[in-house]
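Read the structure below first, then the notes.
Along the sequence shown, the residues carry numbers beginning at 1. One-based numbering, in listed order, for ligands and for the atoms of each.
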Amino acid sequence: MSGIQSPSAELLNADETITYDAVVVGCGVIGPCVATGLARKGKKVLIVERDWAMPDRIVGELMQPGGVRALRSLGMVQSINGIEAIPVTGYTVFYNGEKVAIPYPYKADIGAVEKITDLVRDGNDKVAANDSTLSVQDFENDERERGVGFVHGKFLQNLRDIVAQEPNITRLQGNVTEILKNKRNEVVGAKVDIAGRGKIDFNAHVTFVCDGIFSRFRKELSPEHVPKVGSSFVGMSLYHAKMPSPNHGHVILGTNHLPILVYQISPEETRILCAYNSPKLPSNLKDWMRKEVQPHIPQSLRSSFDDALAQGKFKSMPNSFLPGRQNDVLGMCVIGDALNMRHPLTGGGMTVGLNDVVLLMKKIGDLDFSDREVVLDELLDYHYERKSYDSVINVLSIALYSLFAAENANLKALQKGCFKYFKRGGDCVRLPVSFLSGVMPRPFLLTKVFFAVALYAVYVNFEKRGALGFPVALIEGISILFTAARVFTPYLYAELIG
Ligand SMILES: Cc1cc2nc3c(=O)[nH]c(=O)nc-3n(C[C@H](O)[C@H](O)[C@H](O)COP(=O)(O)OP(=O)(O)OC[C@H]3O[C@@H](n4cnc5c(N)ncnc54)[C@H](O)[C@@H]3O)c2cc1C
């Protein structure tokens with residue numbers, strides 16, 4: 001456990017002689033929400049995290065409105081307060097120097113946030129007043145939904161503080177080394193390696209596996225539950241950047257480069273994530289950044305970008321895709337990135353995971369966990385119920401990445417068509433941003449809109465070719481539609497049928 005700070009004695013004392021209702025493995029984004037929800041429902045919970053110190057990661061820094069709404073449902077939305085978070089009111093998409101603004105949807109088009117019984121109390125579904133950067137008026141009374149950008153580690157510490165305040169939760173620092181099973185192969189708890197105590201077995205009626213992107217225990221569902229990694233993001237911190245569109249997420253696209261994301265995460269710090277189309281990074285990152293990324297950075301961001309480049313502090317992460325799988329092992333529930341991952345391009349990971357927690361609390365929160373068969377029955381159903389919400393965000397992320405990282409002429413035509421489609425405004429913006437922000441859980445409407453974009457791309461291509469180019473444009477049009485089907489339908493199938 002090198003590099004991990006010495007924890008306080010309280011984090012090492014968990015009692016191994018009792019059977020907990022739930023053991024939660026991992027206190028990242030999803031673990032604390034599962035633990036808090038269950039504790040507020042009266043369950044006795046043990047949560048195990050290998051390192052309770054504030055992490056420094058480039059993941060989970062922009063939360064879509066659908067994620068903020070889920071935090072409200074769980075009575076945990078004040079985890080975005082007190083960390084100098086930045087309100088996000090929408091996106092701006094840049095394409096070869098042109099740009100289009102895409103504001104988040106109207107609240108009136110979505111409906112009220114659901115409050116989960118026992119979890120929401122004393123106004124904990126409302127953003128707190130007196131925040132130095134988030135206005136309660138804007139979040140509660142503005143006609144449009146809001147997302148939020150923050151320093152990931154600070155947000156996690158807020159979630160962990162909420163966990164610490166729940167009397168039904170015991171926190172433990174240790175490395176989970178094994179998911180424990182009985183002779184019938186049913187899960188009965190977790191083995192934890194604790195500094196000074198060694199490896200100790202903790203028993204629980206249900207073990208929740210929330211060990212994230214590099215999950216060691218997702219394979220307990222099936223050895224085939226393995227993510228595919230196709231690309232990476234290379235990140236840097238820009239300081240005092242002059243944002244072209246303040247309070248917006250920026251997606252910078254172009255015919256000759258891969259997508260670049262820029263969003264502010266504190267009054268001083270802005271995250272830039274640059275896509276690289278392979279899990280294996282270039283040997284000279286600085287050189288690659290200078291040649292392939294810097295020329296496409298909007299002018300107002302250039303000086304902060306150049307400063308960051310000179311500093312050369314890069315962080316990278318692989319981008320994984322993993323369709324969800326049914327939780328069909330008695331005594332275990334895998335959730336969060338351990339269960340299901342998508343491309344981070346659309347910043348949807350926390351939103352999917354948090355909405356999964358909301359659904360989970362509704363399905364099993366009031367059950368007696370000692371009746372493990374009943375819990376399993378509900379988990380089997382839960383798999384189907386989560387699909388309509390999660391598939392939209394997951395499939396959109398993969399399809400948009402294919403278009404935005406366009407590798408061939410058809411994908412480039414789709415990329416251009418997509419940008420021109422946004423430029424039309426009205427429903428051509430309202431629907432896509434509703435999918436992206438996690439407030440429109442309608443996979444078949446997503447399919448319709450995706451193919452409307454593809455048809456529009458064909459039309460744009462006809463316009464470009466002109467009357468003389470009609471026969472060529474016709475053949476290209478068929479090829480574009482075929483490509484659109486290829487980048488969309490297999491993923492939709494994997495999400496909906498799997
Ligand atoms: C490059 C990148 C950028 C992203 N950006 C965004 C974004 O802007 N918006 C968004 O919504 N999503 C984003 N995501 C996705 C988001 O980060 C994840 O969906 C989210 O963090 C998942 O939460 P989780 O709790 O499942 O896992 P994690 O947050 O990874 O938490 C897992 C926890 O488990 C602990 N753990 C692991 N193994 C053990 C063990 N054996 N014993 C004890 N503890 C253990 C870890 O220490 C960690 O604290 C991004 C992902 C990537 C790769």
Inset, instruction - Give yes or no for whether the N/O distance cutoff of 3.5 Å, strictly under, is met between M63 and ligand 1. - result: no
Legend entry - Presence of salt bridge, E49 and R160, under 4.0 angstrom: yes
Legend entry - Atoms of ligand 1, numbered as shown, that sit under 4.0 Å from any heavy atom of I58: 3 (C)
Legend entry - R160 heavy atom under 4.0 Å from ligand 1: yes
Inset, instruction - May I ask whether R57 has any heavy atom positioned less than 4.0 angstrom from an atom of ligand 1? - result: yes
Legend entry - Cationic N near anionic O, under 4.0 Å, R386 to D356: yes
Legend entry - D337 N/O under 3.5 Å from ligand 1 N/O: yes
Inset, instruction - If you have a sec, work out which protein heavy atom is nearest atom 42 (N) of ligand 1 and how many Å separate them, to one decimal? - result: V176 N, 3.0 Å
Inset, instruction - Just need the protein heavy atom nearest to atom 34 (O) of ligand 1, so name the residue and atom and give the distance. - result: G26 CA, 3.3 Å
Legend entry - Heavy atom of the protein closest to atom 31 (O) of ligand 1 (residue, atom name, distance): G28 CA, 3.2 Å
Legend entry - Residue, atom name and distance, where the atom is the protein heavy atom closest to atom 39 (C) of ligand 1: R50 NH1, 3.8 Å
Inset, instruction - Could you name the option among P32, G349, G60 that has the heavy atom nearest to atom 50 (C) of ligand 1? - result: G60
Legend entry - K363/E385 ion pair, N-O < 4.0 Å: yes
Legend entry - Within-shell test, E61 vs ligand 1, heavy atom, strictly < 4.0 Å: yes
Legend entry - Parallel, tilted or perpendicular: ring planes of F450 versus F488, cut at 30 and 60 degrees: parallel
Inset, instruction - Say whether G174 and ligand 1 are in contact under the criterion: heavy-atom distance to a ligand atom below 4.0 Å. - result: yes
Inset, instruction - Could you pull out all residues at least two apart from D142 that satisfy salt bridge (charged side-chain N to carboxylate O under 4.0 Å, His left out)? - result: R146
Inset, instruction - Write out the residue and atom name of the closest protein heavy atom to atom 47 (O) of ligand 1, then the distance separating them to 0.1 Å. - result: E49 OE2, 2.7 Å
Legend entry - Within reach of ligand 1, part of P318 (heavy-atom separation under 4.0 Å): backbone
Legend entry - Salt-bridge criterion met for E495 and K387 (N-O under 4.0 Å): no
Legend entry - Salt-bridge present (R271, E61; N to O < 4.0 Å): yes
Legend entry - Protein heavy-atom partner closest to atom 7 (C) of ligand 1 - residue, atom, separation in Å: L62 O, 3.5 Å
Legend entry - Nitrogen or oxygen atoms of R216 and ligand 1 under 3.5 Å apart: no
Inset, instruction - Give a yes or no on whether a salt bridge exists between D337 and R342, defined as a side-chain N under 4.0 angstrom from a carboxylate O. - result: yes
Inset, instruction - Identify whether the distance between the nearest side-chain nitrogen and carboxylate oxygen of K315 and D56 falls below 4.0 Å. - result: yes
Legend entry - Part of C27 with heavy atoms under 4.0 Å of ligand 1, whether side chain, backbone, both or neither: backbone
Inset, instruction - For ligand 1, indicate whether the residue C210 contacts it via side chain, backbone, both or neither (heavy-atom separation under 4.0 Å). - result: backbone
Legend entry - Test: E114 and R69 ion pair at under 4.0 Å: no
Legend entry - Pairs involving residues 318-365, ordered by first then second residue, that meet ring pair (Phe, Tyr, Trp, His ring centres under 6.0 Å) (sequence neighbours left out): F233-H343, F321-Y491, H343-Y401
